[in-house]
Amino acid sequence: MQLARRRLVTSIIYPQNNRGQPFVNECGKYVVKLWYNGVERRIVIDDRLPVDRNYETLCSHTTNKSYFELWVPLIEKAYMKLMSGKNGYGFIGSNSGVDLYSLTGWLPERVFFSSEDGLGKKKKDHETDSERVWERILSSHRFGDALMTAAVSESISEAQADLVGLFTGHAYAILNVKEVLGGMRFVLMKNPWASKPWIGKYSHRDVASWTSQLQSALGYNIELARTSDDGLFWIGWSDFLKYFRCLHLNWNPSLFKYKFTTHVKWPVTQGPASDQYYVSDNPQFSLHFGGAACKNRSSVWILLNRHTSKEELEGYKDGEEVSLTCHVHRIEKNRRVIYPHIERLVQGIYSNNCHNLIRYDLTGEKDSNLVLVLSQFKKFEDVRFSISVFCGHEFAFSPTPQFFSNKFRLEGRFDDSNSGGAIGRSSPFFCNPQYALECKRDVKLQVLMKANPQRGIFFAVAPRPGSGGRLENLQNEAFGSGMYSQAVAFGEGKLQQGQSYVLLLSCLNEGDIVKYVLDLFCDGAFGSDLIVKKIKEEGADMEKHAVNNIVGSSGCSNFGNYAGNAQITIRSNSDENTCFVRLKCNKREAINLSVFRGGSEGFIESSCSPISKVPGQVKTTTNSGVYTTSETVVTASFKLAKNERCILVPSSFEPAPTLMFSLVVYSKDKLGLKRVK
């Protein structure tokens with residue numbers, strides 16, 4: 001077997017001779033190289049070992065009676081010093097994958113499988129199909145590039161394990177894997193304790209199952225096996241699946257020609273406690289692969305190594321455990337991932353294990369740029385980790401660029417006065433918060449909006465109306481966040497020199513009470529290249545007059561009774577009183593609001609219409625057209641002289657007797673207002 005010819009463990013002990021072999025140091029000082037928290041560690045120890053009153057060693061040792069092999073207890077002592085601290089030999093334990101990584105630096109992978117697999121029950125997300133497990137361990141053994149161990153399932157009780165000669169909470173080495181005699185599958189395992197032999201099917205007691213053909217195929221001598229217990233035993237694949245649920249594979253890192261490792265601290269203050277809705281604040285790393293890697297569909301392995309503290313290793317740390325993982329996304333070069341589910345190729349499995357291995361096979365040129373996004377199941381403390389990437393072809397690794405360095409933050413709140421709801425769904429959409437963007441030179445702008453509590457949110461950037469006022473509707477949008485998304489919205493685009501824009505914010509549901517934080521990132525300077533100002537709410541600093549419960553409409557002049565529509569008179573009490581009017585209705589209809597110069601009777605004439613040809617008759621009409629299919633329209637701004645009277649006429653294009661109107665008149669100074677019809 002290829003692995004048997006490699007010196008993996010004794011090569012980590014120093015001093016060594018010129019052939020790289022350790023030798024006895026008469027001074028009693030040794031150095032052991034171990035791997036811990038993503039780096040190689042130099043552990044200095046002496047040769048004093050624990051013994052009982054009869055001078056029998058209390059530490060690990062070989063079973064060879066003729067001479068004492070020192071390398072076993074030396075490595076154990078170094079490992080206890082590294083992992084246990086003041087606990088010494090009271091080490092609380094880990095798993096075989098972690099231990100073998102510490103001893104060899106080989107990449108640890110944990111594979112779960114289910115005994116229910118193949119019986120019509122769906123396997124869990126973190127479990128691997130048993131057929132795939134067999135293929136992997138068979139291939140790994142043939143190539144000799146993995147150390148394999150297996151742990152007894154936690155679902156097996158001590159009584160059940162004892163019936164077949166197994167130990168619970170104990171790891172067994174896998175030394176051989178064979179498929180013989182037309183499909184019979186076997187695994188050769190070893191109990192490192194070399195005690196309590198396997199007594200299930202195909203054990204040394206099961207004489208009936210060991211035919212001469214099977215013994216020959218597996219190179220097994222049942223008579224010899226019955227004379228001594230060296231911890232070795234063959235187990236059938238079905239029993240392996242029954243009694244073992246977890247497979248640890250430690251892979252030779254020299255399988256990969258190229259490697260990159262970095263070490264990172266993730267402060268608890270960086271990002272939200274849960275990244276369910278957005279991951280823009282999470283640590284992110286960009287991978288760029290050249291043509292050779294993509295053409296050959298190289299395999300990429302990512303090892304996430306969470307750094308553990310002494311308190312955690314010694315079992316003194318209380319409370320929750322950190323569960324960390326890494327997701328793989330496909331995204332444009334030098335772009336951060338904002339939304340956790342967009343273009344995610346691999347969803348990592350959250351684990352409180354200190355090692356987490358993620359594998360991905362490139363599928364072609366479209367995978368030339370990938371982003372690794374770190375994620376915690378629930379963030380509650382600072383986390384330090386190492387992340388290593390392995391690949392057979394050359395690649396570039398770098399932290400994913402942050403947003404543009406120039407940042408401008410705006411904070412606000414949706415409430416009853418400005419939570420106008422979604423575009424196209426809500427009549428008061430116009431009242432949503434708006435900000436003016438005055439562009440002094442060509443700039444690139446990134447907008448990141450967050451909401452608390454989490455609600456569906458949206459924003460858009462559009463040219464500002466020529467009047468310099470607020471946006472009434474979205475036309476010729478420059479860029480935006482796209483569809484409404486939960487808790488976070490992001491978009492980016494270019495703004496042109498000399499142009500003015502409006503940044504409009506929106507919640508999905510009208511009336512939502514939500515705090516928001518708006519971060520603007522620009523490649524120019526705020527205040528000189530790009531000026532940001534909040535646009536005042538509609539009617540700010542003006543008098544407000546409301547008329548509600550206007551029921552019914554006689555339609556436009558085409559139906560012969562335009563004068564039968566509701567009429568409201570307004571009269572100015574001051575010189576040059578500036579006004580405008582907002583009309584709302586209870587459903588989406590083609591509606592109009594017109595302002596006529598009032599006659600002495602206080603009514604419009606029967607010949608009037610919103611497009612009346614009579615000179616001076618129509619003072620203003622809705623600024624979005626004559627009849628506009630909407631739930632809300634507004635007039636252009638108009639002025640009234642002192643004591644001048646005007647008549648407001650709301651109408652729908654077709655007669656609508658059940659249509660409900662309400663309107664608000666905004667004016668610079670107080671008005672006299674009366675419904676006359």
Side-chain angles (χ1 to χ4, degrees), residues 278 280-281 331-339 400-414 418-420 422-424 429-451 457-485 488-507 514-541 578 580 623-624 634 636-637:
Y278 63 95
S280 55
D281 295 327
I331 200 165
E332 294 178 26
K333 189 175 183 180
N334 296 326
R335 293 280 302 276
R336 290 189 73 78
V337 177
I338 308 298
Y339 305 102
T400 304
Q402 296 286 341
F403 301 115
F404 294 131
S405 57
N406 295 319
K407 178 180 176 180
F408 189 86
R409 170 164 284 192
L410 298 163
E411 297 186 21
R413 185 172 182 265
F414 289 96
N418 67 358
S419 188
I423 182 172
F429 173 75
F430 63 88
C431 71
N432 284 317
Q434 299 185 23
Y435 295 87
L437 307 174
E438 297 180 19
C439 199
K440 302 301 183 181
R441 73 169 180 86
D442 290 352
V443 296
K444 295 178 182 178
L445 182 67
Q446 298 167 323
V447 181
L448 181 64
M449 179 183 177
K450 301 174 185 176
I457 56 175
F458 161 92
F459 72 81
V461 176
R464 194 170 187 183
S467 62
R470 295 172 60 84
L471 279 183
E472 282 293 312
N473 50 57
L474 280 179
Q475 295 179 352
N476 303 318
E477 181 181 328
F479 70 90
S481 61
M483 299 179 64
Y484 284 81
S485 55
V488 67
F490 176 80
E492 58 185 332
K494 296 180 180 179
L495 305 182
Q496 296 181 351
Q497 179 179 349
Q499 299 296 314
S500 293
Y501 300 85
V502 173
L503 170 58
L504 183 146
L505 314 182
S506 170
C507 276
V514 180
K515 292 181 180 179
Y516 65 83
V517 174
L518 194 66
D519 286 328
L520 310 182
F521 304 90
C522 185
D523 65 349
F526 287 102
S528 57
D529 299 329
L530 184 64
I531 299 172
V532 183
K533 294 180 180 178
K534 185 171 184 179
I535 301 176
K536 290 183 177 180
E537 290 79 7
E538 182 173 82
D541 304 323
T578 303
F580 71 91
N623 60 9
S624 55
V634 67
S637 178

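Throughout, numbering of the chain's residues begins at 1 and tracks the sequence.
Within the 4.5 Å cutoff, the side chain of Asp442 has no heavy atoms near those of the Lys494 side chain. Between Ser280 and Phe403 the shortest side-chain heavy-atom distance falls below 4.5 Å. Counting only heavy atoms from C-beta outward, the side chains of Tyr484 and Ser506 approach each other to under 4.5 Å. At least one side-chain heavy atom of Phe479 sits under 4.5 Å from a side-chain heavy atom of Leu495. Between Glu492 and Arg335, the closest side-chain pair of non-hydrogen atoms falls below 4.5 Å. You'll find the side chain of Arg464 reaches within 4.5 Å of the side chain of Ile535, heavy atoms only. Put simply, the side chain of Leu437 does not reach to within 4.5 Å of the side chain of Ile531, judged on heavy atoms. At least one side-chain heavy atom of Tyr435 sits less than 4.5 Å from a side-chain heavy atom of Leu505.
Among all heavy-atom pairs drawn from Cys522 and Val443, the shortest one is SG-CB, 3.7 Å. A pairwise comparison of heavy atoms in Thr578 and Ser637 identifies CG2-OG, 3.3 Å as the closest pair. Taking every heavy atom of both residues into account, Leu503 and Phe459 meet most closely at CD1-CD1, 3.7 Å. Contact record, Gly539 with Phe580: N-CZ, 3.9 Å, taken as the closest heavy-atom pair. Here the closest non-hydrogen pair linking Val514 and Cys507 is CG2-SG, 4.0 Å. Among all heavy-atom pairs drawn from Arg413 and Tyr516, the shortest one is N-CE2, 3.2 Å.
Checked options Met449, Gln446, Arg336; the residue passing with Phe490 is Gln446 (criterion: side chain to side chain contact (heavy atoms under 4.5 Å, CB included)). Tested against Leu448 for a side chain to side chain contact (heavy atoms under 4.5 Å, CB included), the candidates Val488, Leu520, Leu518, Val517 yield a single pass: Val488.
The line from CG of Asn406 to OG of Ser528 is 8.5 Å long, rounded to the nearest 0.5 Å.
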Chi angles and distances behind the side chain to side chain contact (heavy atoms under 4.5 Å, CB included) call for Phe404, Leu445: CA-CA 8 Å; Phe404 294 131; Leu445 182 67; over 6 Å; no
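Distance alone, capped at 3.5 Å, is enough to place a donor-acceptor pair between the Arg470 side chain and the Lys536 backbone. For Asp529 (side chain) and Asp523 (main-chain N/O), no donor-acceptor pair under 3.5 Å exists by modelled atom type. For the pair Gln434 (side chain) and Leu471 (backbone), a donor-acceptor distance under 3.5 Å is present.
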